[in-house]
**Q** 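Below are the structure tokens for one structure; questions will follow.
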Amino acid sequence: IWKIKLNETAKTFASANVLPEANHNEIVGFERKSFPAAAIFLKNPAAAPQFKKRLRITEKLLKRRGVSVIELQTKGKTFLQNAWRTIILADWTAYSLARLRGVDPTETKIIDQLKTLIK
């Protein structure tokens with residue numbers, strides 16, 4: 001959801017993966033910093049200690065390479081409440097970023113162009 005919202009609404013490039021898989025491929029793309037980047041980590045307080053350790057180490061490695069690390073603690077009494085709050089936060093974050101960047105959050109010109117060319 002975060003990737004979709006940031007791409008379409010904020011008109012900014014976003015990619016998504018989960019740990020530990022991201023430690024085997026995406027992290028290599030940060031060896032040479034060639035573009036401004038931020039990593040958003042959605043943290044669940046119920047995560048296993050070994051996972052939390054992996055997350056801390058990954059964040060540290062990214063910060064050393066100049067990547068902005070944003071930590072978001074998920075909040076909710078139930079899994080469903082947690083999920084919905086995270087989805088709503090993604091919506092508002094993407095909308096706010098679009099407004100800050102001066103772009104129309106509802107416009108999707110390139111998708112419209114693509115559909116026209118495919119016809």
**Q** Can you see which heavy atom on Arg65 is nearest to which on Phe30, and at what distance?
**A** CD-O, 3.2 Å
**Q** Mind running side chain to side chain donor-acceptor pair (under 3.5 Å) on Asn23 and Thr58 for me, showing each step along the way?
**A** CA-CA 8 Å; Asn23 291 151; Thr58 301; 3.0 Å; yes
**Q** If I take atom NE2 from residue His24 and atom CG from residue Asn17, how far apart are they, to the nearest 0.5 angstrom?
**A** 10.0 Å
**Q** Of all the heavy-atom pairs spanning Asn82 and Lys75, show the shortest one and how long it is.
**A**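 Taking every non-hydrogen atom into account, OD1-N, 3.0 Å.
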**Q** Would you give the length of the straight line joining atom OG of Ser15 to atom CG of Leu6, rounded to the nearest 0.5 angstrom?
**A**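 The distance works out to 11.0 Å.
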**Q** Does the side chain to side chain contact (heavy atoms under 4.5 Å, CB included) test come out yes or no for Asn44 and Leu42, once each step is laid out?
**A** CA-CA 7 Å; Asn44 184 336; Leu42 303 176; over 6 Å; no
**Q** Testing Ile87, Thr86, Leu89 for side-chain contact (heavy atoms from CB on, under 4.5 Å) with Ile1, which one passes?
**A** Ile87
**Q** Is it the case that atom CZ in Phe51 sees more than 12 heavy atoms from other parts of the structure closer than 6.0 Å?
**A** yes
**Q** Considering non-hydrogen atoms only, spot the tightest contact between Ala14 and Asn7 and give its length.
**A** N-OD1, 3.0 Å
**Q** Consider side-chain contact (heavy atoms from CB on, under 4.5 Å). Of Val67, Leu62, Leu19, which one does Ile27 pass it with?
**A**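 Result for side-chain contact (heavy atoms from CB on, under 4.5 Å) with Ile27: Leu62.
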**Q** Would you give the length of the straight line joining atom CZ of Phe79 to atom OG1 of Thr74, rounded to the nearest 0.5 angstrom?
**A**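 Going from the CZ atom of Phe79 to the OG1 atom of Thr74 covers 9.5 Å.
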**Q** Return the CD1 to CG distance between Ile70 and Leu72, rounded to the nearest 0.5 Å.
**A**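 Here the rounded value is 7.0 Å.
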**Q** I need the Glu71 CD to Leu55 CG distance, nearest 0.5 Å.
**A**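 One gets 7.0 Å once the value is rounded to the nearest 0.5 Å.
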**Q** Do Trp2 and Leu80 belong together in a cluster built from hydrophobic side chains that touch within less than 4.5 Å?
**A**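 Hydrophobic grouping puts Trp2 apart from Leu80.
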**Q** May I ask you to check whether over 12 heavy atoms, not counting those of Ile110, lie within 6.0 Å of atom CD1?
**A** no
**Q** Ignoring hydrogens, what is the shortest heavy-atom contact between Pro105 and Lys11? Give both atom names and the distance.
**A**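 For Pro105 versus Lys11, the nearest heavy atoms are O-NZ, 3.4 Å.
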**Q** Could you point out which residue of Lys43, Arg54, Lys52, Arg64 forms a salt bridge (charged side-chain N to carboxylate O under 4.0 Å, His left out) with Glu59?
**A** Lys43
**Q** Indicate the atoms forming the closest heavy-atom contact of Lys5 with Ala94, along with that distance.
**A** O-CB, 3.4 Å
**Q** Counting distance only, does the side-chain N/O of Thr78 pair as donor-acceptor with the main-chain N or O of Gln81 below 3.5 Å?
**A** yes
